[in-house]
Amino acid sequence: MSALANKENPSIVASAKPAAKVLSFSGQQASRIDFRRAALTALRNVVPPAVVLTLVLILWQALCSSADASLPSPHQVWQESYDLIVYPFFNYGSQDIGLGWRVLVSLQRVLYGFGLAAVTGVIIGAIIGQSVWAMRGLDPIFQVLRTVPPLAWLPLSLAAFQDSNPSAIFVIFITSIWPVIINTAVGVRNIPQDYRNVAEVLRLNQFEFFWKIMLPSAAPYIFTGLRIGVGLSWLAIVAAEMLTGGVGIGFFIWDAWNSSRLPDIIVALAYIGIVGFALDKLVAVLGKLVTRGAMAN
């Protein structure tokens, strides 16, 4: 209908005003539905693990409540390790500190070792993915080295650095770099040929191709390798600290074992699991933000 017809019939124009209010009301209703959906999703993600954890604790209490049980029950763990659970950041001396401080010391070593492995692994993986000769020469060597257990590198690192802290960082680095290299190389080799053709048309240099084409295209593969690598880093630091000493969470477990403090060991294992889970989710969320939800095929 023309604008002239609308002027001649004002009732049509007047009837259009309530329609705008209806649209506004429907938008508010949609927001309430989205909020309810988010709440239901949160409940579905929280309630099942909570139920399973409760059942595990009940079963654990039933199996270990007898006097001749070899492992402490949850009630005994709570009683004997109350300070470690409730006050993770107490500090009464050089070795008498909470598990929160010990976790931070271990995380600092992981940050150094894994950060170095991430940067080095992406660069080496990009070179291997771009060069056929580099892949043929380096890939067999990397496939052999990545199967070496983390603690097997510790004697060599101690002999080379003559200090426990850089030795532990080196063990983290050499353990976590392999999945980063391999996944980055796979991601670079899977860059579509159309992207390479565009780079040739635009006459991009090697740095521009790396920054504008290679990294965005291979990002899902890179973050898959980083996610695996950060998990290996956390495993390696706990194992390395058991032998190198210091104030990390790994040495705390070994010291608690020598002192027959089994409840403290169980609490430390819970800390390790929670921190490892948080590190994995942190890298996963960062990967989703950078890749905008893209997944590696």
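Residues: numbered from 1 along the sequence shown.
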What residue among [options] forms side-chain contact (heavy atoms from CB on, under 4.5 Å) with [X]?
| X | options | result |
| --- | --- | --- |
| Val122 | Asn183, Ile177, Ile127, Val180 | Val180 |
| Leu59 | Leu57, Leu63, Val56 | Leu63 |
| Trp178 | Ile228, Thr147, Leu145 | Leu145 |

Side-chain contact test, heavy atoms from C-beta onward, threshold under 4.5 Å: evaluate it for [X] versus [Y] and give yes or no.
| X | Y | result |
| --- | --- | --- |
| Leu262 | Trp257 | yes |
| Asp280 | Arg227 | yes |
| Ile172 | Trp234 | no |
| Val51 | Leu55 | yes |
| Leu215 | Ile222 | yes |
| Phe209 | Gln130 | yes |
| Phe252 | Leu84 | yes |
| Gln108 | Leu111 | no |

Tell me whether the NZ or CZ atom of Arg189 lies within the 45° cone about the ring axis of Tyr221 and under 6.0 Å from its centre. no

Could you grab the distance from atom [atom1] of [X] to atom [atom2] of [Y], nearest 0.5 Å is fine?
| X | Y | atom1 | atom2 | value |
| --- | --- | --- | --- | --- |
| Ile213 | Glu200 | CD1 | CD | 11.0 Å |
| Met214 | Ile191 | CE | CD1 | 5.0 Å |
| Trp153 | Ser167 | CH2 | OG | 13.5 Å |
| Asp139 | Ile181 | CG | CD1 | 10.0 Å |

Are there over 12 heavy-atom neighbours, none belonging to [X], within less than 6.0 Å of that residue's [atom1]?
| X | atom1 | result |
| --- | --- | --- |
| Phe277 | CZ | no |
| Tyr112 | OH | no |
| Trp101 | CH2 | no |

Heavy atoms only: give me the nearest [X]-[Y] pair and the separation to one decimal.
| X | Y | answer |
| --- | --- | --- |
| Ala240 | Val171 | CB-CG1, 4.4 Å |
| Thr224 | Pro220 | OG1-O, 2.9 Å |
| Tyr271 | Val103 | CD2-CG2, 4.1 Å |
| Ile141 | Gly137 | CD1-O, 3.6 Å |

Taking NZ, NE, NH1 and NH2 as the nitrogens, is one of them in Glu241 or Arg109 under 4.0 Å from a carboxylate oxygen of the other? yes

Is there a donor in the side chain of Asp264 and an acceptor in the side chain of Ser81, or the other way round, less than 3.5 Å apart? yes

Phe170 vs Phe161 aromatic rings, parallel, tilted or perpendicular, using cut-offs 30° and 60°? tilted

Aromatic ring proximity, centroids under 6.0 angstrom, Phe90 and Tyr92: yes

Is a side-chain donor or acceptor of Ser106 paired with a backbone partner of Ile249 at a separation under 3.5 angstrom? yes

